[in-house]
Amino acid sequence: MDPKQLFIKAEFLYRRVEWVEDWQYIGLETGLEERIDNLLKTIFGSKNIILIRGRRDSAIMSQHEIRQLFLQGLYDADFKIWSSDFTVVLDFNRIGVYRAGKAG
C-alpha cells in the first residue's frame, strides 16, 4: 500500500476503535528510548508496524525505525501506530500522552 492508502484505511478504521487504555503519560525526559521499546514490544510483539502521520508520510516500518524517529523528535506531532493487520492502534498526542485501542 502507498502512503495515501495506508492513511485512508487507518482513518476509516479509527472511527471504530474501542479504547482499552485511557490516555497515559509516556514521559519525554530521560529513558524515552527504553519506554518506547517496551511499549512497542508489549503491544505489537516483534512485527513491523504502520506509522500514520498524513497522506504523504505514512509508512510500514520496523520498530527500530519508529524508535529512531522518536529520538529525532517524532513525539512533537500527533500520530498513530497501527499493527500491520490494522487491528491494534496506539494514538500519540504531541503533549506526551498515548492511548491504546482495538479496531472492532
Side-chain angles (χ1 to χ4, degrees):
M1 292 178 127
D2 68 19
K4 184 178 177 181
Q5 291 170 324
L6 291 170
F7 179 81
I8 290 170
K9 184 170 184 172
E11 289 300 303
F12 174 77
L13 292 172
Y14 186 77
R15 293 180 241 142
R16 298 182 175 167
V17 170
E18 293 180 28
W19 299 105
V20 295
E21 287 186 23
D22 203 11
W23 291 104
Q24 296 182 37
Y25 181 66
I26 186 120
L28 301 176
E29 58 282 336
T30 60
L32 176 62
E33 183 176 357
E34 184 179 324
R35 285 191 302 281
I36 292 300
D37 277 343
N38 290 337
L39 179 63
L40 294 178
K41 287 178 185 172
T42 301
I43 302 292
F44 302 110
S46 61
K47 301 176 187 174
N48 281 345
I49 48 184
I50 302 168
L51 174 65
I52 302 295
R53 296 169 79 179
R55 289 184 181 269
R56 295 185 181 179
D57 53 0
S58 296
I60 298 171
M61 302 181 151
S62 70
Q63 291 184 23
H64 176 74
E65 291 170 312
I66 296 285
R67 185 179 70 228
Q68 294 304 316
L69 288 175
F70 259 97
L71 297 176
Q72 296 169 9
L74 175 65
Y75 52 81
D76 285 340
D78 296 342
F79 62 95
K80 297 164 190 68
I81 298 176
W82 285 84
S83 60
S84 58
D85 60 0
F86 284 96
T87 57
V88 178
V89 63
L90 288 175
D91 185 8
F92 287 86
N93 187 284
R94 72 178 58 116
I95 64 171
V97 295
Y98 73 95
R99 62 182 175 170
K102 294 185 179 194

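If you read the sequence from its start, that first residue is 1, and numbering goes on from there. Just so it is clear, the structure is predicted and the values come from calculations on it, not from any experiment. No hydrogens, no waters, no symmetry mates; every other heavy atom, side chains included, goes into these values.
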**Prompt:** Ignoring hydrogens and geometry, is there a side-chain-to-backbone donor-acceptor pair from Arg99 to Leu90 under 3.5 Å?
**Reply:** no
**Message:** Looking at Asp91 and Tyr98, would you say the former's side chain and the latter's main chain have a donor-acceptor pair under 3.5 Å?
**Reply:** no
**Asked** Less than 4.5 Å apart, any side-chain heavy atom of Ile36 and any of Ile26?
**Response** yes
**Asked** CD/Gln63 to CG/Leu39 distance, rounded to the nearest 0.5 angstrom?
**Response** 9.5 Å
Listing, residues 43-56 side-chain donor-acceptor contacts under 3.5 Å, not counting sequence neighbours, or none:
none

**Contacts of Trp23 that satisfy ring pair (Phe, Tyr, Trp, His ring centres under 6.0 Å) - sequence neighbours left out** = none
**Request:** Please list, chain by chain and in numerical order, all residues satisfying side-chain contact (heavy atoms from CB on, under 4.5 Å) with Asp85, sequence neighbours excluded.
**Result:** Ser83, Thr87
Pairs under 3.5 angstrom only: tabulate donor-acceptor contacts from the side chains of residues 2-12 to other protein residues two or more places apart or in another chain.
{"from": "Asp2", "atom 1": "OD1", "to": "Lys4", "atom 2": "N", "distance (Å)": "3.2"}
{"from": "Asp2", "atom 1": "OD1", "to": "Gln5", "atom 2": "N", "distance (Å)": "2.8"}
{"from": "Gln5", "atom 1": "OE1", "to": "Asp2", "atom 2": "N", "distance (Å)": "3.1"}

**Parallel, tilted or perpendicular, as decided by the 30° and 60° cut-offs, for the rings of Phe92 and Phe70** = perpendicular
**Prompt:** Could you give all pairs that pass the salt bridge (charged side-chain N to carboxylate O under 4.0 Å, His left out) test and reach residues 63-72, with sequence neighbours left out?
**Reply:** Glu33-Arg67, Asp37-Arg67
**Asked** Under 4.5 Å between any side-chain heavy atoms of Ile66 and Leu40, yes or no?
**Response** yes
**Request:** Report yes or no: is the cationic atom of Lys80 (NZ for Lys, CZ for Arg) closer than 6.0 Å to the six-membered ring centre of Tyr14, at no more than 45° off its axis?
**Result:** yes
